[in-house]
Novice: 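One structure, as structure tokens, below. Some questions next.
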Amino acid sequence: MKKTKQLIPSVGTVAYEGPKSENPLAFKHYNPDELFDGKTMAEHMRFSIAYWHSFRGVGSDPFGPGTIVRPWESGKDAVSVALKRMDAAFEFFQKIRAPFWCFHDRDIAPEGKSLAESNRNLDKIVAHAKQLQKATGMKLLWGTANLFSNPRFMCGASTNPDAHVFAYAAAQVKKALEVTLELGGENYVFWGGREGYDTLLNTDLGREQDHLATFLQMAVDYAKAIGFKGQFLIEPKPKEPTKHQYDFDCATCIGFLGTYGLSKHFKLNIETNHATLAGHSFQHEIEVAAAASMLGSIDANSGDMLLGWDTDQFNTDTRELTLAMVSILRAGGLGSGGFNFDAKLRRASTDIDDLFYAHVGGFDAYALAFKIARRILADGKFDEYVANRYASYDSGFGADIESGKVGFKELEKLVLTKLGEPKPKSGHQEYLENLFAQYVNNGA
Ligand code: XUL
Ligand code: CO
């Protein structure tokens with residue numbers, strides 16, 4: 001770290017101490033410099049910090065105001081506070097040893113009285129971020145625009161019934177794309193904030209979906225015009241804030257992008273808590289995206305199975321994460337994506353140490369899952385089981401089905417003259433679950 005006055009003097013750089021360490025502020029599994037197949041763990045995992053939760057989250061909820069007070073949150077005006085806050089953020093990024101960060105435009109810079117003033121504020125903060133990135137080697141995983149907090153977006157942004165709001169949102173994303181490019185962002189995310197509806201009594205669903213597609217096409221066109229080559233990502237979520245979000249889950253997004261001819265420009269940013277809100281497992285969403293070659297990035301967090309909303313907690317569930325890592329590694333990894341910790345402290349976790357504990361636990365859980373998943377894939381037992389389960393399609397009439405050589409007529413004849421009744425074949429679920437549990441229980 002550069003020898004300037006520290007804003008978080010109570011905690012130093014987090015060290016890797018190995019699985020036996022009892023130090024709560026040390027990594028037990030995340031060893032950023034350890035090599036796996038010639039790449040460091042940091043390069044494999046591409047961990048990222050979410051600016052909005054870690055540096056703008058104050059612990060407020062619908063029943064009460066914020067509880068979390070940071071010493072850098074005061075100064076002569078909003079822009080100077082934003083600059084100081086960013087210094088604290090980069091100090092944290094380095095101490096927690098995350099190579100990437102992510103932001104919304106309005107997280108990093110205060111919204112002004114006009115779009116022009118907001119843009120000027122953003123330019124000042126982005127210049128500072130660029131300098132800090134250069135000094136620390138930190139990189140931007142993705143940028144995005146906040147098109148959901150300001151009251152002007154109460155009925156949506158690109159799906160707003162008022163074309164004036166659509167135009168405003170377009171102007172805001174134009175600027176967000178420019179600053180993401182300026183900071184070397186490797187991806188750009190569209191989470192459909194309020195792109196959905198609460199009642200069909202006032203909503204033209206078809207027209208709103210057309211507008212959302214038009215908006216995404218405009219973003220694709222503008223990225224091309226300015227030379228932004230990062231990956232566009234859609235982040236599915238089924239509900240909250242609106243009752244029904246258009247980007248409900250991965251399958252819905254894949255269908256939507258296909259319908260509007262946008263598939264080749266987008267991949268998916270899958271968030272664990274959004275998957276479970278949609279009634280899916282995290283692994284299911286990863287597999288759906290991977291099957292369509294649209295696995296882009298991960299928003300790493302977890303929900304609470306006893307609550308029906310997006311609690312955005314840090315995930316320490318080795319079992320859930322190992323299942324996810326198996327699917328991610330099998331699909332060939334995340335490419336330009338990474339694991340962005342879109343997770344926040346609980347309202348009563350008010351110490352700065354809590355921010356460190358949270359990320360230490362989250363990083364370690366993913367690192368452990370990465371190691372177990374690598375072992376599972378290297379052993380190949382599940383892959384072999386699945387390959388055998390589908391082996392009847394590898395030759396004979398099964399191969400003819402897959403290649404389209406036979407149709408209903410030929411298959412009917414085959415059943416009537418040769419095949420007869422199929423014999424039951426067990427799926428051995430319990431055997432496989434026990435095998436998986438053994439891998440998880442044995443750890444790295
Ligand atoms: C909201 C959410 C967002 C997106 C970025 O649930 O996950 O923070 O990740 O807009
Ligand atoms: Co998210």
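Because the structure is a prediction, the values reported are computed rather than measured. Remember, it's 1-based here, ligands and their atoms both numbered in the order they're listed.
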Novice: Test your reading of the model: is there a side-chain donor-acceptor pair from Glu285 to the backbone of Cys250, 3.5 Å cut-off?
Specialist: yes
Novice: Determine yes or no for a side-chain-to-main-chain donor-acceptor pair under 3.5 angstrom, with His359 supplying the side chain and Leu355 the backbone.
Specialist: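 Such a contact is found between His359 side chain and Leu355 backbone.
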Novice: Please state which protein non-hydrogen atom is closest to atom 9 (O) of ligand 1 and give its distance, to 0.1 Å?
Specialist: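 I find the closest protein heavy atom is Glu235 OE1, 2.7 Å.
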Novice: Out of Asp342, Asp310, Asp299, which residue meets the salt bridge (Lys or Arg N to Asp or Glu O under 4.0 Å) rule with Lys237?
Specialist: Asp310
Novice: Show me which atoms of ligand 1 lie under 4.0 Å from any heavy atom of Asp310.
Specialist: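 Matching atoms, with element in brackets: 6 (O).
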Novice: Return the name of the atom in Asp299, of element N, O or S, nearest to the Co ion (ligand 2).
Specialist: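 Of the nitrogen, oxygen and sulfur atoms in Asp299, the Co ion (ligand 2) lies nearest to OD2.
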Novice: Let me confirm one number: the CG-CZ distance from Asp312 to Phe341, rounded to the nearest 0.5 Å.
Specialist: 13.0 Å
Novice: Which of the atoms in ligand 1, numbered in the order shown and given with their element, are less than 4.0 Å from a heavy-atom of Lys237?
Specialist: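 Counting atoms of ligand 1 from 1, those under 4.0 Å from Lys237 are 6 (O).
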Novice: Taking distance alone, with no angle check, do Asp342 and ligand 1 share an N/O pair under 3.5 Å?
Specialist: yes
Novice: Do Glu287 and Gln283 have side-chain N/O donor and acceptor atoms under 3.5 Å apart?
Specialist: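 No pair is found: no donor N or O on one side chain lies under 3.5 Å from an acceptor on the other.
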Novice: Tell me whether the NZ or CZ atom of Arg97 lies within the 45° cone about the ring axis of Tyr30 and under 6.0 Å from its centre.
Specialist: no
Novice: Give a yes/no on ligand 1: does Glu240 have at least one heavy atom closer than 4.0 angstrom to it?
Specialist: no
Novice: If we ignore angles and hydrogens, is there a donor and acceptor under 3.5 Å between the side chains of Thr252 and Asp249?
Specialist: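 Yes, side-chain donor-acceptor contact under 3.5 Å.
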Novice: Using the Co ion (ligand 2) as the apex, give the angle to atoms OE1 (Glu271) and OE2 (Glu235), rounded to 10 degrees.
Specialist: 90°
Novice: Report the part of Glu271 (side chain from C-beta onward, or backbone N, CA, C, O) that has a heavy atom under 4.0 Å from ligand 1; answer both or neither where that applies.
Specialist: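 Answer for Glu271: side chain.
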Novice: Using a strict threshold of under 4.0 Å (side-chain N to carboxylate O), is an ion pair present between Asp123 and Lys175?
Specialist: yes
Novice: Using ring centroids (six-membered ring only for Trp), state whether Phe232 and Phe266 fall under 6.0 Å.
Specialist: yes
Novice: Look at atom 5 (C) of ligand 1 and say which protein heavy atom is nearest, naming residue and atom and giving the distance to 0.1 Å.
Specialist: His104 NE2, 3.2 Å
Novice: In ligand 1, which numbered atoms sit nearer than 4.0 Å to a non-hydrogen atom of Asp299?
Specialist: 9 (O)
Novice: Just heavy atoms, cut-off under 4.0 Å: does Asn269 contact ligand 1 by side chain, backbone, both, or neither?
Specialist: neither
Novice: What is the name of the N/O/S atom in Asp342 that sits closest to the Co ion (ligand 2)?
Specialist: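 It is OD2, the N, O or S atom of Asp342 closest to the Co ion (ligand 2).
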Novice: The Co ion (ligand 2) and Asp312: any N/O/S contact shorter than 2.8 Å?
Specialist: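 False for Asp312.
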Novice: Starting from atom 8 (O) of ligand 1, what is the nearest protein heavy atom, named by residue and atom, and what distance separates them?
Specialist: Trp52 NE1, 3.2 Å
Novice: Would you check whether Thr144 has a nitrogen or oxygen atom less than 3.5 angstrom from a nitrogen or oxygen atom of ligand 1?
Specialist: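 No, Thr144 has no N/O under 3.5 Å of an N/O on ligand 1.
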Novice: Under 3.5 Å, side chain of Thr272 to main-chain N/O of Ala300, donor-acceptor pair present?
Specialist: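 No, Thr272 side chain to Ala300 backbone: no donor-acceptor pair under 3.5 Å.
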Novice: Check each heavy atom of Val189 against ligand 1 and say whether those closer than 4.0 Å belong to the side chain, the backbone, both or neither.
Specialist: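 Answer for Val189: neither.
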